[in-house]
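Input: a single structure, listed below in structure tokens.
In what follows, chains carry the letters A, B, and so on, assigned in the order in which the sequence lines appear, proteins first and then strands, with residues in each chain numbered from 1.
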There are 2 protein chains.
Amino acid sequence: MTSTRPPTPQQPSRRIADELRRQIESGDLRSGDKLPSERALAEQYGSARNTAREAIRLLAEQGLVTAKHGSGVFVREPQRLFRFGSDRYSLKNRETGLTPFRLEAKRQGKVARIDVPSITREKPPADVAERLKVSADEESVVHRENHYFADDEPVQIVSTFVRWDEAQGTLLMEAKTGKDGIYGRLEDLGHVMTRVRDEISARMPTPEEAAILSLLPGVPVLEVLHTSLDQDGVPFEVSRYVHRADQTGLLYELPVES
Amino acid sequence: MTSTRPPTPQQPSRRIADELRRQIESGDLRSGDKLPSERALAEQYGSARNTAREAIRLLAEQGLVTAKHGSGVFVREPQRLFRFGSDRYSLKNRETGLTPFRLEAKRQGKVARIDVPSITREKPPADVAERLKVSADEESVVHRENHYFADDEPVQIVSTFVRWDEAQGTLLMEAKTGKDGIYGRLEDLGHVMTRVRDEISARMPTPEEAAILSLLPGVPVLEVLHTSLDQDGVPFEVSRYVHRADQTGLLYELPVES
DNA sequence: TGTGCCAACTGGCTTGAGCCACTTACTGGC
DNA sequence: GCCAGTAAGTGGCTCAAGCCAGTTGGCACA
């Protein structure tokens with residue numbers, strides 16, 4: 001069982017990064033501790049400041065440290081995850097009168113805020129059109145954009161799509177959608193959420209997403225493309241969730257189908 | 001509705017990156033196309049080679065381009081996702097005699113290979129111990145490490161943990177676990193998989209993971225901490241899946257619980 | 001016709017220098 | 001005692017230059 005363990009990397013930047021990583025993992029450097037300055041590291045390892053800087057970039061990319069301009073580079077606190085359970089779709093949660101996000105926030109003792117930057121009639125993206133079974137060439141959907149905050153920290157961006165022909169003239173076109181949110185209104189239209197399909201992927205954020213979510217460099221996003229199916233198996237709502245991955249996790253608990 | 005759109009970034013590296021990104025998104029540069037060389041970009045934009053290089057790094061971090069040493073920088077092909085459905089746990093798949101991974105690979109017309117680098121008795125990590133309800137201070141588990149390949153491309157790393165007191169002396173300690181894999185053997189021990197709990201997160205890979213999965217810079221990993229519960233609600237197996245996010249997605253389809 | 005070599009090009013990485021913006025702590029004046 | 005101003009320290013970013021390593025294609029030679 002020979003494990004591949006390169007003894008000492010030949011590249012100075014890797015060597016510095018590895019040494020710092022070792023100190024972090026061994027506990028010599030603890031969460032919140034300040035690393036030596038770039039200039040100090042460079043001198044200590046006999047290399048240029050740019051090389052020490054590159055080493056820190058490698059660690060930041062890995063999410064181990066975070067730099068604060070003018071102040072220093074610090075070992076990142078392991079983030080507590082804001083967890084979204086599969087039961088967020090559960091009907092019994094309706095009794096609380098809270099939307100899934102507000103419920104989850106309350107569970108974790110945080111204050112939820114939801115911004116609605118835009119509600120517009122649009123041509124749907126191809127993947128949404130396919131799942132909602134509408135035309136991608138017409139303005140066949142209403143796109144509701146939402147930004148979610150917990151304790152004023154941005155947590156997720158959600159784009160919700162419903163059919164224009166159904167949403168037209170209803171509260172689905174308004175920022176305030178009334179009791180039980182959009183799912184309440186969709187139920188009024190005869191769609192009872194019966195099954196859900198969540199397609200999950202991870203990637204690096206676009207610059208826009210990084211800005212909205214205040215993402216530090218090296219933090220990926222979790223993307224969930226969610227489809228709601230009604231009692232007849234008809235898809236009636238598709239949402240794209242973009243979560244910051246350093247603070248968010250997903251939890252799915254489900255029965256094994258025989 | 002004033003959208004925050006900085007017209008032209010002040011930093012040269014961002015400016016070059018944004019211009020290239022625009023060309024990629026507009027289709028001027030297509031998948032597989034070669035970008036101008038670092039030296040050419042530098043001259044074209046009147047900046048230093050390092051600055052052009054930084055611009056390319058920004059794009060690579062975002063997963064838009066990939067550099068080939070000695071050859072050039074190319075627009076990355078959008079990867080087709082190797083999708084793992086929640087039905088991978090379904091009992092009916094047993095009839096095929098294939099393990100979930102082999103089944104998924106076959107579905108996508110790929111050849112599956114599974115390496116088993118190690119099977120060892122160990123102290124479990126804290127999160128595994130908590131979910132398997134065993135002591136984290138003793139060598140209470142057997143750790144099976146697996147590397148999965150599809151068409152010889154590394155796809156995922158899996159660490160499976162089962163109780164040592166159950167695995168001792170069984171095929172669970174061997175590379176070849178017999179019919180239906182480890183779930184077959186665990187069923188022999190009286191554990192019928194009845195519910196599963198998948199905890200999903202995303203992060204940047206460790207250097208080891210990047211090496212095993214041949215990950216390009218800027219590609220995150222999807223981590224799934226999976227717990228199998230038997231007919232009595234007893235957790236009998238915990239696995240940590242590490243997927244490369246550029247080629248892997250997860251699919252969960254589930255009924256909404258009333 | 002083939003083949004092996006080599007030059008030119010590519011990205012990978014480092015150096016050492018400089019300027020800027022932000023943070024912090026100290027210090028002097030009120 | 002307070003507060004404004006300042007100097008020193010920090011990371012952010014760029015420049016210009018150089019050497020190395022991998023790739024490619026053409027050219028000379030067999």
Whole angstrom is fine here: how far is it from [atom1] in [X] over to [atom2] in [N]?
| X | N | atom1 | atom2 | answer |
| --- | --- | --- | --- | --- |
| B:Phe74 | C:dT10 | CZ | P | 11 Å |
| B:Glu38 | D:dT14 | CD | C1' | 15 Å |
| B:Ile56 | C:dC13 | CD1 | C1' | 15 Å |
| A:Leu58 | C:dG12 | CG | P | 13 Å |
| B:Gln11 | D:dG11 | CD | P | 18 Å |

Are any of the side-chain heavy atoms of A:Ile56 and A:Arg53 separated by less than 4.5 Å? no
Report yes or no: is there a donor-acceptor pair, N or O only, under 3.5 Å between the side chain of [X] and the base of [N]?
| X | N | answer |
| --- | --- | --- |
| A:Arg57 | D:dG12 | no |
| B:His69 | D:dG22 | no |
| B:Arg39 | C:dG11 | yes |

Checking contacts here: which listed nucleotide ([options]) is nearest the side-chain heavy atoms of [X]?
| X | options | value |
| --- | --- | --- |
| A:Ser47 | C:dT15, C:dC13, D:dG12 | C:dT15 |
| B:Arg49 | D:dT14, C:dG11, C:dT14 | C:dG11 |
| B:Ala48 | D:dA16, C:dT10, D:dG11 | D:dA16 |

May I ask you to decide whether A:Asp152 forms a salt bridge with A:Arg113, counting only side-chain N to carboxylate O separations under 4.0 Å? yes
Would A:Arg15 and A:Asp18 pass as an ion pair if we require N to O under 4.0 Å? no
If each of B:Asn50 and B:Leu35 is mapped to the nucleotide of DNA chain C with the nearest heavy atom, which maps nearer the 5' terminus, i.e. the 5' end? B:Leu35
If you assign A:Ser71 and A:Thr51 each to the DNA chain C nucleotide with the nearest heavy atom, which residue ends up on the more 5' nucleotide? A:Thr51
Does the side chain of B:Ser13 get closer than 4.0 angstrom to OP1 or OP2 of D:dC13 through an N or O atom? no
Within the 3.5 Å criterion, strictly below it, is a donor on B:Ser201 or B:Glu223 matched to an acceptor on the partner's side chain? no
